[in-house]
Protein chains: 2
Amino acid sequence: MGLSRERIVGAAIELLDTDGERGLTFRALAARLKTGAGAIYWHVTNKDELLIAATEAILTGAARPRAGTPEDTLRAIALGVFDAVDEHPWVGTQLTRMQAQPALLRLSESIGRQVQLLGVPSAAGFDAATALLNYVLGVAGQNAALAGSIEPGTIRGEVLGTMAAEWEALDPEEFPYLRSVAPQLRDHDDRDQFLAGVDLVLAGMATLRGVPADPPRRARPDVPSGHGPSQ
Amino acid sequence: MGLSRERIVGAAIELLDTDGERGLTFRALAARLKTGAGAIYWHVTNKDELLIAATEAILTGAARPRAGTPEDTLRAIALGVFDAVDEHPWVGTQLTRMQAQPALLRLSESIGRQVQLLGVPSAAGFDAATALLNYVLGVAGQNAALAGSIEPGTIRGEVLGTMAAEWEALDPEEFPYLRSVAPQLRDHDDRDQFLAGVDLVLAGMATLRGVPADPPRRARPDVPSGHGPSQ
DNA sequence: ACCTGAACACCGTTCAAGT
DNA sequence: ACCTGAACACCGTTCAAGT
């Protein structure tokens, strides 16, 4: 069984997951695949292409629309990205750094289409869809950065705890707000907060249709809570 | 006039602006400063610290609250970041990649405080402030990525034109939405769209107070249109 | 057609040696 | 105290040589 594009991409994903973004080098990849570094170039053009393929492997189907109201579909799409980045933080980096990422196109398409279904007038619709996309990408980028700043494989809650401790140690004169909110940071649920943000944007969109929005809830039992669509 | 931290940071900013993020190397920096590469390490710990200092130099004061309603202040803060990233795309990368970036703390503080003033209840307030921050960071990251994908110094409109052409060339079966919206992408104003997104989030926040939001406008003559607060 | 591994052109960073 | 520049330990990528 020789090399193949799939084996290479698979090994790259493993390396990225276990050793972080800096762990993926052609030498490490070659060692894991028991070949020379140059062999990989026979199947893959360069590192960028490899990263795109790896992201593609994780994100296939993540932006696929499901049945339900446009709002619920938008929540599901957004959650799909969130969970994928949660499991594979380097996906967040790819999504926010690479313009040539096909997954980003599919995500834009899915979001845009659902916003259209929402009934937002077309001029404002493009702006609204772009806003939601950018919010999702912002969270993805932050989560990737947060994961990149620590040892790969650290427990989730731990990261927020450390960050909360830093906020509590800030100068009270300059950072009263962050200090006051540090306890909330410590024991909040990322995923919940992400959804609250999605709901906030959706509530904003509702005002664009002239329909009074019901205030976004924080608890949402209607959304599946398991980590879904990533590989 | 020997070396100094300020001269080093200044030269780094010039290099980043003219040659892009990949243009900043210790060797190029040393050449520009007419020293050896190692000399820089006497004044600066490492490259990360240098990038943080450079971002800091650009973003000082960008998040400082001005007089006005909380909404207007939030718009001004967001615009400050947008314009800074517009002039110095690498700032967008820093903001979204580095957790230890002081400018990010100040930005979080400023946004959070204004959202408090907005009267959003404190539990939802933290979520709302985080949502706005993530939106701003998402746009910053995308603009940085977009700028990074092209030759430094390309004309702004040109980038969007190229991207619009790509969207028009997409498969009509798979990407009907992006194709339909390509013309809007071509001749829209980034900055306008960014503001529309901020207004969307603000409209969402308004629903959290139970106050009916007036629908966000697209034209906004009340906001200064010049590129302001960066260096 | 596919693989090997040395070699090339870079990086960031260190450090003995200078002034 | 500050600077110099060679050296070290890496990178991504290429390419002659093998099978």
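Because only heavy atoms are used, hydrogens play no part in the values below, and waters and symmetry mates are left out as well, while side chains stay in. So you know, we letter chains A, B, ... as the sequences are listed, proteins then strands, and number each from 1.
Closest to the side chain of B:Ala37, out of C:dC3, D:dG12, C:dT13, is C:dT13. Residue A:His43 has its side chain nearest to C:dC3 when only D:dC3, C:dC3, C:dG12 are considered. Taking every side-chain heavy atom of B:Phe26 into account, C:dT13 is the closest of D:dG12, D:dC3, C:dT13. With D:dC2, C:dA1, D:dT13 as the candidates, the nucleotide lying closest to the side chain of A:Trp42 is C:dA1. Checking C:dG12, C:dT13, D:dT13 against every side-chain atom of A:Asn46, the shortest atom distance belongs to D:dT13. For B:Arg27, the listed nucleotide lying nearest its side chain is C:dC11; candidates were D:dG12, C:dC2, C:dC11. Checking C:dC3, D:dC3, D:dG12 against the side-chain heavy atoms of A:Lys47 singles out D:dG12 as nearest.
Checking A:Arg22 against A:Gly38, the closest nucleotide of DNA chain D that is more toward the 5' end is the one next to A:Arg22.
When rounded to the nearest whole Å, the span between OH of B:Tyr41 and P of D:dA6 equals 17 Å. At whole-Å resolution of the value, CG in A:Asp48 and C1' in D:dT13 are 13 Å apart. Note: CG (B:Leu29) to C1' (C:dC11) measures 14 Å, nearest angstrom. Counting to the nearest Å, the C1' atom of C:dC3 and the CG atom of A:Leu3 are 8 Å from each other. Rounded to an integer number of Å, the gap from CD1 of A:Ile40 to P of D:dT14 is 13 Å.
Using a 4.0 Å heavy-atom criterion, one finds that A:Leu24 contacts the sugar-phosphate atoms exclusively.
Atom CZ of B:Arg32 has more than 12 neighbouring heavy atoms from other residues, nucleotides or ligands inside a 6.0 Å radius.
In this structure, A:Leu137 and A:Thr96 approach most closely via the heavy-atom pair O-CG2, 3.3 Å.
Remark: D:dC10 base-pairs with no nucleotide; criterion is Watson-Crick or G-U wobble with both hydrogen-bond distances under 3.5 Å. In this structure, C:dA1 forms a base pair with D:dT19, meeting either the Watson-Crick or the G-U wobble geometry with both donor-acceptor distances under 3.5 Å.
Proximity of a side-chain donor or acceptor of B:Arg27 to a complementary backbone N or O of B:Ala37 within less than 3.5 Å is not detected. The closest donor-acceptor contact from the side chain of A:Asp86 to the backbone of A:Phe82 lies at 3.5 Å or more, if one exists at all.
Between B:Phe126 and A:Trp167, the angle of the ring planes goes over 60°, which puts this pair in the perpendicular group of the 30/60° scheme.
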